[in-house]
Amino acid sequence: MTVVVKNVSYAFEKNGESVISNLNMEVRQGEFVSLIGKSGTGKSTILRLLTGLLKQDEGEILLRNKEIALGDVGYMPQKDLLLPWRTVLDNIMMASEIQKDLQLTKEEARKWLERVGLKEYESALPKQLSGGMKQRVAFLRTLLTGKDVLLLDEPFGALDALTKKEMQSWLLSIWQDLNKTIIFITHDLEEAVYLSDRIFLLHRNKKVEEIVVDLPRPRDPDIFHSEKMMALRLELEKRISNETD
Amino acid sequence: MTVVVKNVSYAFEKNGESVISNLNMEVRQGEFVSLIGKSGTGKSTILRLLTGLLKQDEGEILLRNKEIALGDVGYMPQKDLLLPWRTVLDNIMMASEIQKDLQLTKEEARKWLERVGLKEYESALPKQLSGGMKQRVAFLRTLLTGKDVLLLDEPFGALDALTKKEMQSWLLSIWQDLNKTIIFITHDLEEAVYLSDRIFLLHRNKKVEEIVVDLPRPRDPDIFHSEKMMALRLELEKRISNETD
Amino acid sequence: SETEQTDSNEKELEEISIMLDWYPNAVHSAIYVAEEKGYFEEQGLDVKIEMPADANDPLKLAATSKVDLAISYQNQVILSRAEGIPVVSVAAYVRHSLDSIMMKKEVGIESPKDLEGKNVGYPSTVITEAVIQTMVEADGGDFEKVTMTDVGWDLMPAIATGNVDAIGGGYINHEYVLLNKEGYDMNLLKLSDYGVPDNYELVIVAGEDTFNKKKETIKKFWQAIEKGHEFVKTNPEEGLQVLLANENDDSALDKEVETASLEILLPLMEDDGVPFGYQEEESWQEVADWLYEMGVIETQVDPKDIVQNIVSK
Amino acid sequence: MKQIKKWLQTYSLFCLFTIILLVIVEVLVRKGIVPNFIIPAPTGVVRTIVENWKPLLLEHLSVTMLEFLIGFAITVIGGIALAVSMFFSKIVEKIVYPAVVISQMIPIIALSPIFVMWFGYSIWSKVAVTVLISFFPIVVSTYDGLKSCDKEYVELLHSMGATRFQIFKKLHIPMALPSFFSGFKLAIVFALVGATIGEWLGASKGLGYYSRRMSGNLNAEGVFAAITILTILGILLFALASWLEKRTIYKWKDTD
Amino acid sequence: MKQIKKWLQTYSLFCLFTIILLVIVEVLVRKGIVPNFIIPAPTGVVRTIVENWKPLLLEHLSVTMLEFLIGFAITVIGGIALAVSMFFSKIVEKIVYPAVVISQMIPIIALSPIFVMWFGYSIWSKVAVTVLISFFPIVVSTYDGLKSCDKEYVELLHSMGATRFQIFKKLHIPMALPSFFSGFKLAIVFALVGATIGEWLGASKGLGYYSRRMSGNLNAEGVFAAITILTILGILLFALASWLEKRTIYKWKDTD
Ligand SMILES: Nc1ncnc2c1ncn2[C@@H]1O[C@H](COP(=O)(O)OP(=O)(O)OP(=O)(O)O)[C@@H](O)[C@H]1O
Ligand SMILES: Nc1ncnc2c1ncn2[C@@H]1O[C@H](COP(=O)(O)OP(=O)(O)OP(=O)(O)O)[C@@H](O)[C@H]1O
Ligand SMILES: [Mg+2]
Ligand SMILES: [Mg+2]
């Protein structure tokens, strides 16, 4: 197991109501898992616990059997948070500036920009980009941390339908190429089904359900229209609606 | 015809490239139409032309055979744009403060808040609301302009999957109750199909395709899983992808 | 070798600084003559002459050893001693009052009593208030009815523009002459005519520490000044010339005015039978008593603490 | 109780530090290491204030306050009026904005003798200095605040058919408040300093005059007594403005 | 060319207005309606500047500039250092912040006689006033700028394993620049005014001294000549600071 979350609880205020309560979760090397659930069920909080930004009140979080620490994983927060005074290229070089052992040349970074269709925007400033472009840059910045485990908080939430589809396929291909472990938050059930090996469904009552997506890999966008996909989506929807809120 | 758009063109800069070019569109009283298309195809621009905020360079826009003017329609912009110093109640009372002939009592406004599940938030300030709640308030504010034609720019873009579903059904029920004419922008193809009588598909090359949604009314959320729905969605997707970009 | 020589020459000169009471004018002729004619150098002194921005400053700066010597006022020195400020007076530079009350003739003030209901401008010191109170009361008037306005040191603009009806603290040899010259028809009331004791208008003061350390240097300084004074006395015209040559671009000394000023000053700088600069303790006592009486100072001061004559009778 | 605790948490260290500093000064002066006329002993200053509280507060403070109030009222009313006309008229803006900014570059103190010539030693010369010194923050902050309003909000109200005046009232004014208040807080302190400067240049009453007179009398305790009162007053005015800001910005509600 | 056109568009009205005002004053003075000592004729002021340019610029301006430069350097270096230490140490912040704010409430002019006693008529009394008057905007704006950094950005860099120093350098410093510059622009103007005030209170050279001296001599032309030079200098310094701001904020790039 690459990531192990064992009996973790967390409350924002001491003695306050816990947002995460007795959470258990295991993620294998190279696995793609999604977290879904209504707004406020603690998805982002789990991601921040996994980065080490928040410290669980109880339980333990292990990365390859060692207590997880800051800088161990790649994290892409919900907002793009690009540094407004840095060009696109400089923004995605961030991590390599911070971690000196990470040897990323500008050439390599440029290749990545090309791959996400931002070749000409290399020296543009964030304010010159559209929302979708920003999101892509933010994703690249996370990818280029070079970490094995990537935590993505709704990376495609701001993209339009088609770009989103493209980005999904693109993400899958990168994931397969690089053998990354990805933990992914989304509001889009289809997206979750299409991308994931497993889905964790968070409820308001802090219970977590696990759904295994037994669609074959590699997946093709055509899979969206398969019977199996529909069935899984229906299943998910039902489980969410059934929740006594 | 309630709304008639005839040969309309618009460019942001004089002699610049036009964003809208020779657009024709007619919307009947009580109809629900959606605009879809990639980011930047001019959906929001069309809505702003329809409010009178922008003035077309060519062609004409008529509301019940009269040139459209500011204050004629209800408009909900893409951002929520709630006034941060006003309570929820005061925010939705906005339009009635501005147009004195609009007689809306606080009592009625409160009833509406109850109907969208924001009863307890009457005197909350916008900063105390979640993204979804803000969007609901912004929608109410538009609805309570009392206008017959409502222009909604991605009202449910920021909501989570389930709340979105709820809001869609809710919107449909209001629309049917009140016999409003709605022009709706969305990125979500399913949403467009579920809600609309007709869908206008905007292309990058400024061509506009019209798709009629021949699903029966009243529609039920179950319709999402119908064959017909799937077929329409596929159709739309194909048309969007086929676009030579 | 030439530079070496000047170097060693300069090394021998002892530095001493003096801050004038105000910007240079006729009263300072002796000092500039001593500088120009090399009298200071004869005494082995290198004198730095400084000017104040506020007439209250020289004494304070002497007390804090920011300058060695300062030209100040007898009143002011007594007041300072009463406040515990460690200064001593080493010589009397002008032996009689220059201070007076001035007003435009057209205002129609004939005697201090007429100041009732009028607005009097004065520099930031209580002493002028005491002066005017003494004069008004000596003249049988009610001081309560006089409006006093602190106008800082901009006495002339204040009276010239008619913002005040009269000014206190102006000098008969300076403001009076200058205002008349500017075309204002001025009247003046003399202090000693209305019960204010005559005083040493200008004295040379030093901080106590400085005096103890540099007594000999100060004596030499005074000898040079004395020589300068002698020169000015015998050649007033030439003495003034030295002063005017020394003026900087932005001071607007008027030859005519300064000539008149010097004429008024010279008789007031010396008394018969008393060496130039010698201070009588009785004079100090008289002024101190008056200040105490007027409530300007709250503690009696002993002239012996203040007076450090560097010339003997 | 909770507020007091919070206040203590924020300021206790500063107070402690101030007290230590005062004690050090006191000791230095008492031991004669620093002469009294260079820095007076803090206890001496307090004694001066206590002994002279009547003339200090009733005679001098009241005059200074009057000058301050008149000047600040003119600044606020005139400044807002100017900012609003700049907001509505491009021409006024183009003439006035540079003038207001440049007025900031003029060393007012150098201009002061001229003021005295214009206004004499009446209250108006002090009011003039007060206004000149506090005008800039009010005008610029109000104007910038009015300008800062997001174009999208304006469009929203336009789409509802709002008139220009309605938009100004319902949108621009509340939007301008945060910026206005940051200028207001500065201006209120500047205005007090301005009144003091005005008095310093020629007066027969007021704390500025008092302090100058005491300085002429070589009475350092008196100088510091006036400065202490003025500083405390400045702090109180600033606190008042901050409180007003809090109340207005956080509780502001538009009623028709 | 385009820049000149833009400049003209922005300032032409103001210039026109100023010229009209100057002409009116000139006429009033020449016709004797307003006496020369109340407002000098603009041409008279210009003549004074032209005739005395040598002492004005070489003697007085240079002294004022020296005081300004020393004082402003101390302010900027000391102010930034203080703001940074406040940022890193809660204790320093709690002691210093109130002190800096309160320093704003002190009427500096009333303190000036004390300064003269402390520093004499040396350059340091002017530097002291300069520093005291310009310190506040630098410290507060720098500190506020450093504080203003969004917590989410800090978390992002933390998650990348950045050290505190890296976060400071890559995030806090650039984030602080806009706020810093708004303080810097104020401070540079205040500093010049401070040097002038310092001279006004005791000096034998410098434009502040010159203007005071001229005022004592009833020479209004001289007063205005000094004020004019000081004002132009203030505008130039402000423009310089604005230019620096533009360059730094809009082109700022972090290189390792
Ligand atoms: N910094 C914080 N302090 C206190 N409470 C917080 C904080 N951040 C989040 N919360 C609360 O914790 C709960 C979970 O928040 P979280 O952001 O993890 O939800 P989420 O599932 O990511 O929601 P969304 O889908 O809207 O992003 C919410 O109730 C939220 O109000
Ligand atoms: N104020 C403006 N000035 C100049 N160009 C503009 C302006 N607003 C929009 N545009 C341009 O007009 C085009 C259409 O913009 P619009 O916002 O209507 O697109 P949209 O279809 O609503 O996109 P999205 O789905 O991202 O909201 C875009 O290319 C955009 O860059
Ligand atoms: Mg979240
Ligand atoms: Mg849009």
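Residue contact with chain D, scored on non-hydrogen atoms closer than 4.5 Å, is absent for C/Ala82. Within the 4.5 angstrom heavy-atom criterion, atoms from both the backbone and the side chain of D/Ser215 approach chain C. If you measure heavy-atom distances from C/Leu59 to chain D, the contacts under 4.5 Å come from the side chain alone.
No side-chain donor from either of C/Gln133 and C/Glu129 sits under 3.5 Å from a side-chain acceptor of the other. Between C/Tyr171 and C/Glu201, the side chains place a donor N or O and an acceptor N or O closer than 3.5 Å (distance only, hydrogens not considered). Side-chain atoms of D/Glu59 and D/Tyr210 include no donor-acceptor pair closer than 3.5 Å. Donor-acceptor pairing under 3.5 Å is lacking for the side chains of C/Ser89 and C/Gln308.
Not one N or O on the side chain of D/His60 forms a donor-acceptor pair closer than 3.5 Å with the backbone of D/Leu207.
Environment of OH in D/Tyr11: sparse, with no more than 12 heavy atoms of neighbouring residues, nucleotides or ligands closer than 6.0 Å. Applying the 6.0 Å contact sphere to NZ of C/Lys105 captures more than 12 heavy atoms from other residues, nucleotides or ligands. Crowding of D/Ile91 atom CD1: a count of heavy atoms from other residues, nucleotides or ligands under 6.0 Å not exceeding 12.
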Verdict with supporting geometry, D/Phe184 and D/Phe72, ring-ring contact (aromatic ring centres under 6.0 Å, His included)
CA-CA 10 Å; D/Phe184 184 80; D/Phe72 193 55; 5.4 Å; yes
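Legend: salt bridge (Lys or Arg N to Asp or Glu O under 4.0 Å) pairs involving residues 286-298 of chain C, not counting sequence neighbours: none detected.
Contacts between residues 65-80 of chain C and chain D, defined by a heavy-atom separation under 4.5 Å, are made by C/Gln76, C/Leu79, C/Ser80. Contacts of residues 24-36 of chain D with chain C at a heavy-atom distance below 4.5 Å are absent; not one residue qualifies.
The CG atom of C/Asn180 lies 12.0 Å from the NZ atom of C/Lys104; values are rounded to the nearest 0.5 Å.
Qualifying side chain to side chain contact (heavy atoms under 4.5 Å, CB included) partners for D/Ile106, counting only residues two or more places apart in sequence or in other chains: D/Leu111, E/Ile227, E/Thr231.
Most heavy-atom pairs under 4.5 Å with chain C: of the set D/Arg213, D/Arg212, D/Lys205, this distinction falls to D/Arg212. Interface check for chain D: of the options C/Asn56, C/Thr161, C/Thr149, C/Asp150, the most heavy-atom pairs under 4.5 Å are formed by C/Asp150.
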